[in-house]
Undergrad: 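Could you have a look at this structure, given as C-alpha cells, before my questions?
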Amino acid sequence: MDGNGRWAKTRGLPRIAGHRKGVENVREIVRMCGDKGVEYLTLFAFSSENWRRPDREVQLLLELFSSALNKEVGKLHKNNIRFRVIGNVQRFGEKIVAKIAKAERLTSENTSLTLTVAANYGGRWDIAQACSQVVRRAMEGEIDAESIMPETIEPYLSMYGIPEPDLFIRSGGEQRISNFLLWQLAYTELYFTETLWPEFDGVEFDKALESFARRQRRFGLTGEQVEAARHA
Ligand code: IPE
Ligand code: MG
C-alpha cells in the first residue's frame, strides 16, 4: 500500500494525513472484497525497514495501527472476517501484542474474508524465523537435516495454511517487491499501478482483477499443455 506520503504532500498536508486516508481506504477495499469474491487479502502495512523513518512518523504510524485495532476489530468480526497479523510484532510492545492476540482469537472462526496484515514484517525475516524452528526440530531429531524440502519449511512460515497469492498489487508507481511475501510470491501474478494508495478505489481494483483475468498461468508448463488441460 504505497503512496500515502505523496498523496498528502501534493495536497500540502502532513504525511500522517496520507496514512490516515490510507487506513480509510483499507476499510473500503476490505468491504469490496466480498463483492468481488476475494477470499484472502494480505496487506503490507509496515515493513521491518520502516523503523528507519523519522521517529515522529514511526510513532504516529504505531498510534494509527493501535487505534485502528481499537476501532475496526469489532466491525471485522461483525462482518464474519478472520483477522490475522504476521510479522515480528513483539517490537510493537505488550499493549499492541495483546490487542492483536485478542483480535485474532475473537475472529479465528470467521469464514468470509481472511484479512492478514503484515506489520514489522519482512519476507527474509519470515524465512529466517522458519529456518530457526526447522533447525530446532532437527536438533531434537524430529526433522532429518539431510532431506529438507520446501514442504519441510512451509509449516513454519507465517502464511502457512493460507493459499499462495494469485495476485500481487503494488500501488504508488514503484515496481518492486520490497521484501513482501518472498517465498509465497514464487508464482504470483504481479500488478503495478501509478495510482497512490489513498486513491486506489473500486475502479482501480477492477482494473487489477481484469489484468489478472487476461493472464495465462502456466506454472512451468507450456501454453499448449495449459490449454489442453483446460479443455480436458
Ligand atoms: C505508505 O506509503 C506505506 C507505509 C509504510 C505506511 P508511504 O508512506 O511509503 O508513501 P510515499 O511512498 O512516501 O508516498
Ligand atoms: Mg513509499
Side-chain angles (χ1 to χ4, degrees), residues 1-33 38 40-73 75-76 81 83-93 95-97 99-100 103 115-126 158-159 165 167-182 184-185 188 190-205 207-208:
M1 301 184 285
D2 202 6
N4 294 345
R6 281 165 282 165
W7 180 89
K9 198 174 170 197
T10 55
R11 284 162 180 75
L13 298 168
R15 292 179 57 84
I16 191 67
H19 294 312
R20 262 192 222 107
K21 190 76 185 166
V23 173
E24 271 176 44
N25 201 41
V26 167
R27 218 177 280 132
E28 282 302 301
I29 293 295
V30 167
R31 200 181 48 73
M32 280 182 247
C33 281
V38 173
Y40 298 90
L41 177 68
T42 305
L43 300 171
F44 203 0
F46 191 88
S47 79
S48 27
E49 289 75 32
N50 285 146
W51 295 104
R52 298 161 64 193
R53 292 192 173 194
D55 290 347
R56 184 74 189 137
E57 180 166 347
V58 170
Q59 193 198 327
L60 289 169
L61 280 169
L62 294 191
E63 283 170 21
L64 198 56
F65 185 38
S66 179
S67 86
L69 284 168
N70 292 341
K71 283 190 228 155
E72 307 298 332
V73 172
K75 284 185 253 174
L76 293 174
I81 293 170
F83 175 76
R84 311 167 58 246
V85 177
I86 57 167
N88 192 358
V89 293
Q90 299 307 325
R91 186 159 172 194
F92 292 125
K95 263 189 165 160
I96 291 189
V97 169
K99 268 189 232 181
I100 291 170
L115 171 64
T116 305
V117 171
N120 195 20
Y121 173 89
R124 289 177 180 170
W125 164 82
D126 195 11
S158 44
M159 290 298 275
L167 175 64
F168 163 102
I169 299 172
R170 182 172 185 151
S171 62
E174 245 64 76
Q175 302 197 359
R176 47 178 176 260
I177 307 289
S178 298
N179 204 12
F180 195 34
L181 302 165
L182 294 180
Q184 295 82 356
L185 290 173
T188 300
L190 306 179
Y191 180 86
F192 299 97
T193 173
E194 293 291 326
T195 306
L196 304 174
W197 175 250
E199 290 174 331
F200 188 92
D201 57 9
V203 174
E204 292 298 324
F205 201 173
K207 275 195 218 163

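Small disclaimer: the values here were computed from a predicted structure and weren't measured. For reference, positions follow the sequence shown, starting with 1. Counting convention: from 1, in listed order, for ligands and their atoms alike.
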Undergrad: Quick one: sort the F180 and F44 rings into parallel, tilted or perpendicular, breaks at 30° and 60°.
TA: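 The rings of F180 and F44 lie parallel, inter-plane angle below 30°.
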
Undergrad: Mind checking whether F200 and W197 have parallel, tilted or perpendicular rings, split at 30° and 60°?
TA: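 Geometry flag for W197 against F200: parallel rings.
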
Undergrad: Between R11 and E199, does any side-chain N to carboxylate O distance fall below 4.0 Å?
TA: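 Looking at E199 together with R11, the answer is yes, because their closest N to O distance falls below 4.0 Å.
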
Undergrad: Begin from the C-alpha positions of F65 and F46 and carry the test ring-ring contact (aromatic ring centres under 6.0 Å, His included) through to its verdict.
TA: CA-CA 9 Å; F65 185 38; F46 191 88; 8.3 Å; no

Undergrad: Can you produce the list of protein nitrogen or oxygen atoms under 3.5 Å from a nitrogen or oxygen of ligand 1, alongside each distance?
TA:
unit_1   : atom_1 : unit_2 : atom_2 : d
ligand 1 : 2 (O)  : G3     : N      : 3.3
ligand 1 : 2 (O)  : N4     : N      : 3.3
ligand 1 : 8 (O)  : R15    : NH2    : 2.9
ligand 1 : 8 (O)  : R53    : NH1    : 2.8
ligand 1 : 9 (O)  : D2     : OD1    : 2.8
ligand 1 : 9 (O)  : R53    : NH2    : 2.8
ligand 1 : 10 (O) : G3     : N      : 3.4
ligand 1 : 10 (O) : N4     : N      : 3.2
ligand 1 : 10 (O) : G5     : N      : 2.9
ligand 1 : 12 (O) : D2     : OD1    : 2.9
ligand 1 : 12 (O) : R6     : NE     : 3.4
ligand 1 : 12 (O) : R6     : NH2    : 2.9
ligand 1 : 13 (O) : R15    : NH1    : 3.0
ligand 1 : 13 (O) : R15    : NH2    : 3.0
ligand 1 : 14 (O) : G5     : N      : 3.3
ligand 1 : 14 (O) : R6     : N      : 2.7
ligand 1 : 14 (O) : R6     : NE     : 2.7

Undergrad: Tell me which N, O or S atom of D2 sits nearest to the Mg ion (ligand 2).
TA: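 Distance check against the Mg ion (ligand 2) picks out OD1 in D2.
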
Undergrad: More than 12 heavy atoms of other residues, nucleotides or ligands under 6.0 Å from CG of D55: yes or no?
TA: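 For D55, atom CG is not crowded (no more than 12 foreign heavy atoms under 6.0 Å).
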
Undergrad: Take a 6.0 Å sphere around NZ of K75 and say whether it holds more than 12 heavy atoms from other residues, nucleotides or ligands.
TA: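 Result for NZ/K75: enclosed.
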
